Amino acid sequence: MTQEDLRNLFSSIGELESCKLIRDKLTGQSLGYGFVNYVKSTDAEKAISSLNGLRMQQKTIKVSYARPSTPLIKDANLYVSGLPKSMTQEDLQRIFHPFGRIITSRILVEPSTGMSRGVGFVRFDKRPEAENAISSLNGTIPAGAKDPVTVKFANNPSQKNQQVLQSLYAAASPTRRLAAPTTGPLYHQARSFSDLLSNVNMGLGVKRHLPSKCAGCTAPSAASSSCAPNYGICIFVYNLSPETDENILWQLFGPFGAVTSVKVIRDYQTQKCKGYGFVTMTNYEEAFLAVCSLNGYKLGDRVLQMSLTKPSGAA
DNA sequence: TACGATT
């Protein structure tokens with residue numbers, strides 16, 4: 001939605017004094033909210049009663065009175081993971097409401113099934129309420145659940161966009177390409193990697209740095225995995241260096257076939273890779289070959305290990 | 001830091 005869309009929608013109620021769509025500072029992308037001032041307060045009331053809850057495309061818009069702008073309401077948004085799949089938004093609110101006024105909350109779902117992904121968000125009115133919720137709830141086990149939940153401050157959308165831009169820049173940067181070839185790990189990777197691929201393409205056995213039993217490949221029926229089985233095969237990759245970025249995973253797995261997503265798991269504070277990541281591939285045969293080929297592959301000074309992700313909830 | 005998930 002553009003600023004103009006916002007203006008058109010809300011000016012249909014009454015005369016506007018001002019109207020502002022909030023955008024990311026770097027990318028200019030809408031952050032999904034904005035502020036509208038009406039000349040007459042009765043029009044503001046009308047806007048809330050007629051537009052709140054309106055469904056637009058995939059979204060349900062929320063319209064309410066803006067809270068007074070103060071530093072206290074900033075950074076009060078929490079990210080919650082490890083929730084039982086059976087937990088509803090109402091359950092989530094029940095758990096968090098003792099700590100303060102909840103502005104919004106939601107549980108993320110798999111689009112295809114509507115099933116909970118076990119993660120969600122809770123935005124409190126005030127920062128100290130959010131802090132209290134973290135210290136009281138993080139690591140605790142909800143009633144009736146068997147695993148503890150993680151409660152922490154949510155990532156800031158502009159931080160996330162910065163990461164994406166940096167990663168794109170790093171991939172495209174000529175200095176990076178010139179600096180790497182003779183000494184960097186990418187050079188060594190590229191040479192031995194192409195050897196490896198030519199082996200694969202000729203249908204020959206694959207050299208490995210470890211005597212590999214192809215972990216995770218022994219039971220092809222285990223193709224179902226915790227990560228979106230409808231969307232592909234999810235591969236767990238371990239022993240990545242702290243400097244690993246998404247591009248490296250794309251480069252490693254892309255030649256084996258269709259890769260739908262890659263994820264480097266990072267420490268939130270340092271933004272360094274925690275040593276592992278995930279790659280989702282569309283086709284089982286290609287994923288199988290990638291795991292068999294890349295397990296034991298030496299990237300820089302590290303021997304990679306990989307397997308299909310641990311199935312979840314299987315008896 | 002051997003299984004994430006960021007509206």
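Order of the sequence lines fixes the chain letters, A, B, ..., with proteins taken first and strands second; residue numbering starts at 1 for each chain. No experiment lies behind these values; they were computed from the predicted model shown. The figures here come from the full heavy-atom set of this structure, side chains too, leaving out hydrogens, waters and symmetry mates.
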Provide, to the nearest angstrom, the distance between the CD1 atom belonging to A:Ile235 and the P atom belonging to B:dC3.
17 Å
When we call it a touch if two heavy atoms are under 4.0 Å apart, what does A:Lys62 touch: a base, just sugar-phosphate, or nothing?
nothing
I'd like to know if A:Glu90 and A:Arg94 make a salt bridge, using a cut-off of under 4.0 Å between side-chain N and carboxylate O.
no
Send over the distance from A:Leu31 CG to B:dT6 C1', rounded to a whole Å.
14 Å
What nucleotide among B:dC3, B:dT6, B:dT1 has an atom nearest to a side-chain atom of A:Asp267?
B:dT1
Between A:Arg117 and B:dT6, is there a side-chain N or O to OP1/OP2 distance below 4.0 Å?
yes
Closest to side chain of A:Val119, choosing from B:dT6, B:dG4, B:dA5
B:dA5
Looking at every heavy atom in both A:Met87 and A:Pro142, which two are closest together, and how far apart are they?
CE-CB, 4.0 Å
To the nearest Å, how far apart are A:Lys263 NZ and B:dC3 P?
16 Å
With a 4.0 Å cut-off on heavy atoms, is A:Asn239 in touch with a base, just the backbone sugar-phosphate, or nothing at all?
nothing
Starting at atom NZ of A:Lys274, determine the distance to atom P of B:dA2, rounded to an integer number of angstrom.
9 Å
Starting at atom CD of A:Gln305, determine the distance to atom P of B:dC3, rounded to an integer number of angstrom.
13 Å
How would you list all residue pairs meeting ring pair (Phe, Tyr, Trp, His ring centres under 6.0 Å) that involve residues 10-34 of chain A, not counting sequence neighbours?
none
Spacing of A:Arg266 atom CZ relative to B:dA5 atom C1', expressed in whole Å
15 Å
Pick base, sugar-phosphate or nothing for A:Tyr276, based on heavy-atom distances below 4.0 Å to the nucleic acid.
sugar-phosphate
Is there a ring pair (Phe, Tyr, Trp, His ring centres under 6.0 Å) between A:Phe124 and A:Phe99? Walk through the geometry before answering.
CA-CA 9 Å; A:Phe124 278 101; A:Phe99 302 95; 7.1 Å; no
For A:Glu246 and B:dA5, give me the distance from atom CD to atom P, rounded to whole Å.
12 Å
N-O pairing of A:Lys272 and A:Glu243 below 4.0 Å:
yes
CZ of A:Phe121 versus P of B:dA5: gap in Å, rounded?
10 Å
